[in-house]
Amino acid sequence: MKVRTRFAPSPTGFLHIGGARTALYNWLYARHHGGAFVLRVEDTDAERSTKESMDVILDGLRWLGLEWDEGPGVGGEFGPYNQSERVSIYDRYLAKLEEAGQVYEDEGAIRFRVPDKDYTVQDEVCGEVSTNLKERGSTRFDAETKQEVAANPDIIIKRPNGGYIFHFVNVVDDIEMGITHVIRGEDHLSNTPKHLALYEAFDVAPPVFAHIPLNLNPNGTKMSKRDKGALIHEYQSEGFIADAVNNYMALLGWSGKDDQEIFTLSDLKERFDLGGVNKSNSKFDYTKCCWVNGEHLKKLPGDELQALANPFLEAAEIPIKDPRIEAALDLARERAQLLSEIPEVVATIFASEVEYDSDSVEKVVNREGMKEVVTALTNGLKTVGSWTEADIKSGIADAAASIEAKMGALMFPCRVATMGSTSGADLVPVLQLLGKEETVKRLEGFSTNYL
RNA sequence: GACCCGUUCGUCUAGUGGUUAGGACACCGCCCUUUCACGGCGGUAACACGAGUUCAAGUCUCGUACGGGUCGCCA
């Protein structure tokens with residue numbers, strides 16, 4: 001049987017890290033097993049669903065590279081893929097239940113009669129979980145009064161206004177779309193017996209279920225929009241690489257059982273399976289997510305790095321067509337974790353005026369004999385013949401020798417004078433990219449303005 | 001509150017009865033780089049607690065605690 005998984009977002013907000021990870025696991029499982037990944041839009045709540053939200057979610061999935069085989073924009077033989085367009089299908093399934101006498105009207109809504117029996121979920125992650133809905137549902141906890149109140153355990157499947165409810169449409173569509181594996185958040189584990197009861201009522205064998213642990217914020221509570229790293233579209237603007245985000249999301253709740261931590265999407269596709277999924281919730285760690293991104297940045301082929309970095313370089317007004325850009329990016333990738341950090345590392349190479357960081361200048365300017373040091377540097381570098389890294393280095397060494405100083409004592413001042421800051425890319429390669437003329441100009445400028 | 005799920009370094013995790021409990025992020029130290037960083041090496045740091053089963057328990061069982069989830073005419 002061909003594996004068919006689905007991601008079924010409700011277009012009522014942003015694409016959240018939890019949803020994205022669910023999508024990723026479904027995508028990976030389908031791809032790993034040569035199956036199909038279906039995208040279905042659960043927009044039965046007309047009041048809360050918006051097109052803007054849908055666009056954000058679709059864009060997020062596209063950015064992550066989780067392309068779907070069936071769904072909005074691509075079609076498929078089980079469409080339409082928006083639940084709002086599938087009402088006639090739901091009507092048909094409701095008729096089946098009516099015929100069997102399993103539903104009844106209650107204050108305008110339609111309820112499904114829950115059988116008084118145990119339903120056992122055979123979960124690929126959580127194991128066997130049994131529940132009797134009738135027993136469990138005979139009371140309800142009222143959050144305001146904090147008391148148990150009597151409740152009707154029979155589940156509402158249709159609103160008085162005619163709109164169908166999640167549990168019902170979810171099951172009907174999974175049946176209609178031939179979904180074989182339902183991989184979703186553990187928050188649905190307690191709902192699954194309801195779904196099982198519906199599968200039984202329709203006389204259809206349920207799919208394989210896998211409930212994956214939730215991702216929490218560092219405080220151990222539910223991740224909200226305000227938590228760093230919660231919203232997928234922000235990863236893009238903050239300079240993350242999509243594969244790195246996939247990599248980190250995969251790691252929150254799944255392990256390849258060995259020491260490998262850096263995976264491309266294609267590595268994950270090969271390695272991912274339900275057996276590696278954990279049972280316990282995990283807390284999101286933004287710092288590690290950045291580290292993962294940095295590792296991906298280091299491995300990125302030059303042309304891909306260039307393409308991804310361009311928007312950030314342009315925003316910083318760095319000329320992306322400059323012939324030195326490739327070399328500059330290679331310097332930057334060694335020290336940046338995010339694409340957004342690249343401009344600050346390389347900006348000084350392309351700047352017409354050096355921006356001097358006052359703290360850095362402070363550290364250097366008051367040192368004894370600084371004027372001589374910078375003068376020696378200027379003279380030493382002026383005499384360098386071919387402007388190669390090796391010759392620049394020996395030029396600095398010569399300058400050091402001429403004033404009987406250690407080379408190390410010249411590196412820092414040289415860095416500040418030419419780059420404007422104590423931190424940044426490798427000094428010598430930067431000087432090489434700057435060119436002899438510009439380097440000397442900057443040294444002389446620094447000398448006259450600050451010494 | 002009832003029911004369900006979970007609990008290994010601060011965090012992500014490896015571990016399926018016998019391990020000096022391993023790795024990664026973070027943190028600290030040393031080295032390298034005659035520069036900031038990268039990198040290399042090393043260090044601090046964990047089996048929630050209590051019983052039981054067993055020659056032997058992080059691994060199995062039960063209880064307790066703690067955390068999370070569900071109990072919608074949201075999904």
Side-chain angles (χ1 to χ4, degrees), chain A residues 8-13 42-45 47-49 83 106-111 121 123 125-127 129-133 135-143 146-149 151 153 155-161 163-167 169-170 184-194 211 213-214 216 218 220-222 248 251-262 278-292 294 298 331 333-336 345 360 393 396-397 400 405-416 419 421-428:
Chain A
S10 174
T12 55
E42 306 224 328
D43 55 353
T44 54
D45 187 347
E47 288 176 16
R48 295 202 306 150
S49 300
Q83 290 185 327
D106 179 20
E107 295 179 5
I110 295 184
R111 285 186 187 265
V121 185
D123 195 277
V125 175
C126 307
V129 182
S130 295
T131 316
N132 183 317
L133 291 168
E135 284 172 11
R136 190 188 78 174
S138 57
T139 59
R140 200 190 87 230
F141 186 62
D142 188 295
K146 294 195 173 178
Q147 278 180 340
E148 292 290 312
V149 295
I155 52 185
I156 292 180
I157 60 177
K158 194 176 185 184
R159 303 181 181 94
N161 72 8
Y164 285 99
I165 298 292
F166 164 73
H167 301 296
V169 294
N170 190 268
R184 66 199 344 180
E186 199 202 82
D187 48 341
H188 285 297
L189 183 58
S190 300
N191 283 326
T192 306
K194 293 177 186 173
H211 288 90
L214 269 20
L216 309 172
T221 57
K222 217 171 177 177
Y248 183 68
L251 252 27
L252 282 179
W254 173 85
S255 147
K257 306 292 183 192
D258 58 18
D259 290 342
Q260 186 176 346
E261 298 222 72
I262 302 302
N278 278 96
K279 295 187 203 309
S280 54
N281 295 347
S282 53
K283 292 176 188 162
F284 185 86
D285 183 350
Y286 189 77
T287 307
K288 182 146 186 179
C289 188
C290 290
W291 173 79
V292 169
K298 287 194 183 87
L331 290 177
R333 81 199 307 166
E334 289 301 322
R335 60 189 55 227
V345 177
S360 301
K393 213 161 193 174
I396 298 173
K406 285 186 182 168
M407 190 171 172
L410 302 210
M411 296 299 271
F412 230 65
C414 186
R415 171 181 284 278
V416 173
M419 298 170 65
S421 169
T422 52
S423 66
D426 245 4
L427 177 60
V428 175

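Every chain is numbered from 1, with letters handed out A, B, ... down the list of sequences.
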Using the C1' atom in both, what is the distance from B/A56 to B/G43, to the nearest Å?
32 Å

Find the partner of B/G6: check Watson-Crick (N1-N3 plus N6-O4 or O6-N4) and G-U wobble (N1-O2, O6-N3) distances, both under 3.5 Å, and reply none if neither fits.
B/C66

A/Phe284 has an atom CZ; how far is it from atom C1' of B/A24, in whole Å?
16 Å

Distance-only donor-acceptor test (3.5 Å): side chain A/Gln147, base B/G1:
no

Going by purine N1 to pyrimidine N3 plus the second Watson-Crick contact, or the G-U wobble pair, all under 3.5 Å, which nucleotide sits opposite B/A57?
none

Do side-chain atoms of A/Asp426 reach the backbone of A/Val428 as a donor and acceptor pair under 3.5 angstrom?
no

Can you tell me the distance, in whole Å, between the CG atom of A/Asn281 and the C1' atom of B/U13?
15 Å

On a heavy-atom basis, which atom in A/Gln83 and which in A/Asp43 lie closest, and how many Å separate them?
N-OD1, 3.1 Å

How close or far is atom P of B/A26 from atom CG of A/Asp285, stated in whole angstroms?
9 Å

Any strand, both distances under 3.5 Å, Watson-Crick or G-U wobble: B/A14 pairs with none

Using the side-chain heavy atoms of A/Arg415, tell me which of these nucleotides is nearest: B/U11, B/U35, B/C5.
B/U35

Would you kindly give the CD1-to-P distance between A/Ile262 and B/G23, to the nearest whole Å?
17 Å

Please classify the nucleic acid contact of A/Gly108 as base, sugar-phosphate, or nothing, using heavy-atom distances under 4.0 Å.
nothing

Any base atoms under 4.0 Å from A/His188, or only sugar-phosphate, or nothing? Heavy atoms, all strands.
base

For B/C38, does the base pair up with any side-chain atom of A/Arg335 as donor and acceptor (N or O, under 3.5 Å, distance only)?
no

Once hydrogens and angles are ignored, does a donor-acceptor distance under 3.5 Å link the base of B/C12 to the side chain of A/Asn278?
no

At less than 4.0 Å, is any side-chain N or O atom of A/Lys393 found next to OP1 or OP2 of B/U34? Yes or no.
yes

Using a 4.0 Å heavy-atom cut-off across all strands, classify A/Ser190 as base, sugar-phosphate, or nothing.
base

In whole Å, measure the gap between the P atoms of B/A51 and B/G69 for me.
32 Å

Taking only the C1' atom of each, what is the distance from B/A21 to B/A45 in whole angstrom?
13 Å

Atom CZ of A/Arg48 to atom C1' of B/G72: distance rounded to whole Å?
11 Å

Respond yes when some side-chain nitrogen or oxygen of A/Arg140 is under 4.0 Å from OP1 or OP2 of B/A2, and no when none is.
no

Among B/C71, B/A75, B/U11, which nucleotide sits nearest the side chain of A/Phe141?
B/C71

Between A/Lys222 and A/Met407, which is nearer to the 5' end of RNA chain B once each is assigned its nearest nucleotide?
A/Met407

Euclidean distance for C1', B/A46 against B/C25 (whole angstrom)
16 Å

Distance, C1' atom - from B/C9 to B/A2, rounded to whole angstrom:
35 Å

Ignoring hydrogens and angles, tell me if any N or O in the side chain of A/Asn281 forms a donor-acceptor pair with the backbone of A/Leu214 under 3.5 Å.
yes

B/C41 pairs with, by Watson-Crick or G-U criteria that keep both distances under 3.5 Å:
B/G29

Atom of A/Val121, atom of A/Thr192 and distance for their closest heavy-atom approach
CG2-CG2, 3.7 Å

Under 4.0 Å, heavy atoms only, any strand: does A/Glu148 hit a base, just the sugar-phosphate, or nothing?
base

With the side chain defined as heavy atoms from C-beta on, A/Leu252 is closest, among B/A14, B/G68, B/C12, to B/C12

Tell me what A/Lys158 touches on the nucleic acid: a base, only sugar-phosphate, or nothing, going by heavy atoms under 4.0 Å.
nothing

Any side-chain to backbone donor/acceptor pair from A/Thr131 onto A/Leu133? Under 3.5 Å, distance only.
no

What's the closest nucleotide to the A/Lys257 side chain, out of B/G15, B/U35, B/C25?
B/G15

From B/G39, B/U70, B/U13, nucleotide with atom closest to A/Lys298 side chain
B/G39

Can you name the nearest heavy-atom pair linking A/Ser280 to A/Pro213, along with the distance?
O-CB, 3.2 Å

Distance in angstrom units between A/Arg184 CZ and B/U70 P, rounded
12 Å

Name the closest nucleotide to the A/Asp187 side chain, picking from B/A26, B/U70, B/C36.
B/U70

Enclosure of A/Gln260 CD (heavy-atom neighbours >12, cutoff 6.0 Å):
yes

Between A/Met419 and A/Leu427, which heavy-atom pair has the shortest distance, and what is it?
SD-CD1, 3.8 Å

In whole Å, measure the gap between the P atoms of B/U61 and B/G17 for me.
12 Å

For B/C71, the Watson-Crick or wobble partner whose two distances fall under 3.5 Å
B/G1

Tell me which nucleotide, if any, is Watson-Crick or G-U wobble paired with B/C36 when both distances must be under 3.5 Å.
none

Say you draw a straight line from CD1 of A/Ile155 to CD1 of A/Ile110; how long is it, rounded to the nearest 0.5 Å?
13.0 Å

Scan A/Gly220 against the nucleic acid and name what it touches under 4.0 Å (heavy atoms): base, sugar-phosphate only, or nothing.
sugar-phosphate

Taking only side-chain N and O atoms of A/Ser421, does any of them lie within less than 4.0 angstrom of OP1 or OP2 on B/C36?
no

Across the strands shown, which category fits A/Lys406 at heavy-atom distances under 4.0 angstrom: base, sugar-phosphate, nothing?
nothing

Nucleotide of B/U70, B/G68, B/C12 approaching A/Leu216 most closely (side-chain heavy atoms):
B/G68

Is any N or O donor-acceptor pair between the side chain of A/Lys288 and the base of B/A24 shorter than 3.5 Å?
yes

Minimum heavy-atom distance A/Glu42-A/Asn170, with the two atoms named:
OE2-ND2, 3.2 Å

To the nearest angstrom, how far is A/Asp426 atom CG from B/G39 atom C1'?
12 Å

Within 90° of 0 counts as syn, otherwise anti: where does B/C66 fall?
anti

Looking only at atom C1', what distance separates B/A57 and B/G52, rounded to whole Å?
11 Å

Whole angstrom is fine here: how far is it from CG in A/Leu133 over to P in B/U70?
16 Å

Report the nucleotide, chosen from B/C74, B/C12, B/G6, that has the shortest atom-to-atom distance to any side-chain atom of A/Ser280.
B/G6

Quick one: which of B/U7, B/U34, B/G22 gets closest to the side chain of A/Asp259?
B/G22

Would you say B/G6 has OP1 or OP2 under 4.0 Å from some side-chain N or O of A/Lys279?
no

Which is true for A/Thr12 with a 4.0 Å heavy-atom rule: it touches a base, it touches only sugar-phosphate, or it touches nothing?
nothing

Are any of A/Arg159's side-chain N or O atoms less than 4.0 Å away from OP1 or OP2 of B/A75?
yes

Any idea which of B/G23, B/U35, B/U34 is nearest the A/Glu261 side chain?
B/G23

Taking any heavy-atom pair under 4.0 Å as a contact, classify A/Ile165: base, sugar-phosphate, or nothing.
sugar-phosphate

Identity of whatever pairs with B/U19 - Watson-Crick or G-U, under 3.5 angstrom
none

Pairwise P distance, B/A14 and B/G22 [rounded to whole Å]:
15 Å

